[in-house]
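Encoded as structure tokens, the structure appears first; notes follow it.
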Amino acid sequence: MSAVTPEARNRLLLRVALLVLAIAVVAAPYFASSFQIGVLSRIAVFALFGLAFNIVFGAGGMPSLGHAAFFGLGGYIIGIGTVRLDVGIITVFVLALVLGAVLGAIVGVLTLRSHGVYVLLLTLAVAQALWGLAFQQVRWTRGDNGIAGIERGLIVPGEATLVTFYWTILALVSIFGALVWWFQRSPAGVAIVAHRESASRLAALGYRVSAYRIGAFTVSGAVAAIAGVLYATLNRFVGPENLAWTMSAEVMLFAIVGGAAFFAGPIVGAAALVTLEVWVSGFTDRWLAVLGLTYILTMLFMPQGILGLVDDRRRAWRARREGHEIAPTSANASDALTGTGGMS
Amino acid sequence: MSEFAVETEALTVRFGGLTAVNAVDLQVPTGHRRAIIGPNGAGKTTMFNLIAGQVRPTSGTVKLHGQDVTSMPVQARTRAGVARTFQITNLFDELTVTDNVRLAVAGADPKVRRTFWRPLHRFPHIEARVDDLLEQWDLADVRDERPIELSYGQQRILEIVLATAGEQRLLLLDEPTAGVSKREAENLVDTIDSLPRELTIILVEHDMDVAFRIADEITVMVNGEELVTGPPDTIRGDDRVIEAYLGRDEHDAA
């Protein structure tokens, strides 16, 4: 073999860059302000939420607008469990995984015969029903007031400080993020992507397509509920807004802006949008308007998200080197919304 | 074990008022290659989908290797040994060629198919079979490409590879050479011809040359009914066939 090829060099560079980034994120408490640590914690939790969501959306091609249901469910499990009742933190995590998975399976079954915008409406309906429940069952949820006083110390082994809490969040997000990564590369995970590309072909290969659709929602729901537990702990609070449809829309935007076709898409999207939100809040409180505008601009100028843009550049660069035509790019994030992504 | 790979009895399908397939008794012996031909709207594709499981009959039964599969869904029939290709190329476009083949091989193995904690490329017995298939079908060079980057002929070959990867016993080919260039079609027919003889093949085909070259026996369908079944030479000379099909559609006869 010849010496180091440019591709190999680029891969090495990318690995080094990722390592440096990882070290910087872990070491952030040594140079960042406590405000910035708070922002990073938020990004980490939303990144996990986005990864869970993208199992259904980016990989499975099913546009859910109801993922706040799982997220809020996790929040209320730790809220009701530790503030109103006296449930142990391990039990809280197990309950979040199990109930998130069960709710995911139910949503998966409900949307089995639907595609595109109908998936969106059905999932939205489920989340809105849960939101209504949280709003009305005051005896359990304290309704509109929500449940305050969730202890951050509960999830931190040892002494709970801002820094140890941040590291606990990072560790939990990394563990569950790694599980999602593992899942997506498994036969079942690849079959979920294949179902997006061609359900009829997958069935003809001997796979029961419905089982993989339900499986996608189940795993997604379980991990999203864990993210919800972390979010409620981070805010020391859970309320109906954790279940609101705007939360579902926001996680969809994390995936779209970052690049739904890529595993790291929601992580990049969460980092970009949370940073934008913090920055914009300096001079306006119309965050939703800014979010909407961001969505429009993304669709217009980089329909495959930030990583899609990077990937295009990389392909173009390689094609120039090899003197090839540029290969067609990967599926648009918008395909999932319109249901045109191989659903025909 | 039945001597017939496929056996249908009084198979009938009505779509609303239209009888697409009417009381067809088809018998394809194991190891035979059968072409189903007929003019447009004769019910060939419906017949094909009835065997594959995409369409359920209004009445009548479908037996595969002696087993009644009339009420079985597609994936169950696949597991019972049925493979199919599609008229319009139907591949996983965003996955690599290797992953396409991996999924096909894994599909035949329930233990692998249901695994969700171990990466798809870490099953040595699957990998060995995938490598064999890619070598055997001249796809090793393009294993990291995506199907959309292949030539159309290569895509059709990949279809056949996916369909037969699970060591199926019955292969259903839906117009395998449709839309393929003349040269690639030749290549494709040779490929189909070189498939193992144990494999029973049923193909629906518009191109008469292809049908006559591949098939041991030909079934001619007209208006949802079986007109005649026989070896290519008999079919070529059959007056009813010439009247019903060749006479009416001279382009295809040429």
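First the proteins, then the strands, lettered A, B, ... as listed; each starts at 1. Since we're looking at a predicted model, the values are computed, not measured.
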Open item on the list: For chain A, which candidate among B:Ala165, B:Pro119, B:Gly53 shows the most heavy-atom pairs at distances under 4.5 Å?
Closed with: B:Pro119

Task: Heavy-atom proximity to chain A below 4.5 Å, by part of B:Glu159 - done: both

Open item on the list: Looking only at heavy atoms and a cut-off of under 4.5 Å, which of B:Asp93, B:Asp99, B:Asn100, B:Val82 has the most pairs with chain A?
Closed with: B:Asp93

Task: Close aromatic pair by centroid cut-off 6.0 Å: B:Trp117 and A:Phe183 - done: no

Open item on the list: If you count heavy-atom pairs within less than 4.5 Å of chain A, which of B:Arg113, B:Arg79, B:Arg102 leads?
Closed with: B:Arg113

- [ ] Evaluate the ring planes of B:Phe123 and B:His125, with Trp represented by its six-membered ring, and classify them as parallel (under 30°), tilted (30 to 60°) or perpendicular (over 60°).
- [x] perpendicular

TODO: Pick whichever of A:Gly206, A:Ala204, A:Gly189, A:Ala191 has the most heavy-atom pairs under 4.5 Å with chain B.
DONE: A:Gly206

- [ ] Please state whether the rings of A:Phe71 and A:Phe49 are parallel, tilted or perpendicular, taking 30° and 60° as the class boundaries.
- [x] parallel

TODO: Let me know if A:Leu202 has heavy atoms under 4.5 Å from chain B in its side chain, its backbone, both or neither.
DONE: both

TODO: Flag yes if more than 12 heavy atoms outside A:Arg208 fall under 6.0 Å of its CZ atom; otherwise flag no.
DONE: no

- [ ] Please determine if B:Arg84 forms a cation-pi arrangement with B:Phe86, meaning its NZ or CZ atom is less than 6.0 Å from the six-membered ring centre and no more than 45° off the ring axis.
- [x] yes

Open item on the list: If I compare all heavy atoms of B:Asp174 with all of B:Phe48, which pair ends up nearest, and what's the gap?
Closed with: N-CZ, 3.5 Å

- [ ] Using non-hydrogen atoms and a 4.5 Å limit, figure out which bit of B:Arg122 sits close to chain A: side chain, backbone, both or neither.
- [x] side chain

Open item on the list: Between B:Leu95, B:Val74, B:Ile126, B:Thr115, who has the most heavy-atom pairs with chain A when the cutoff is under 4.5 Å?
Closed with: B:Thr115

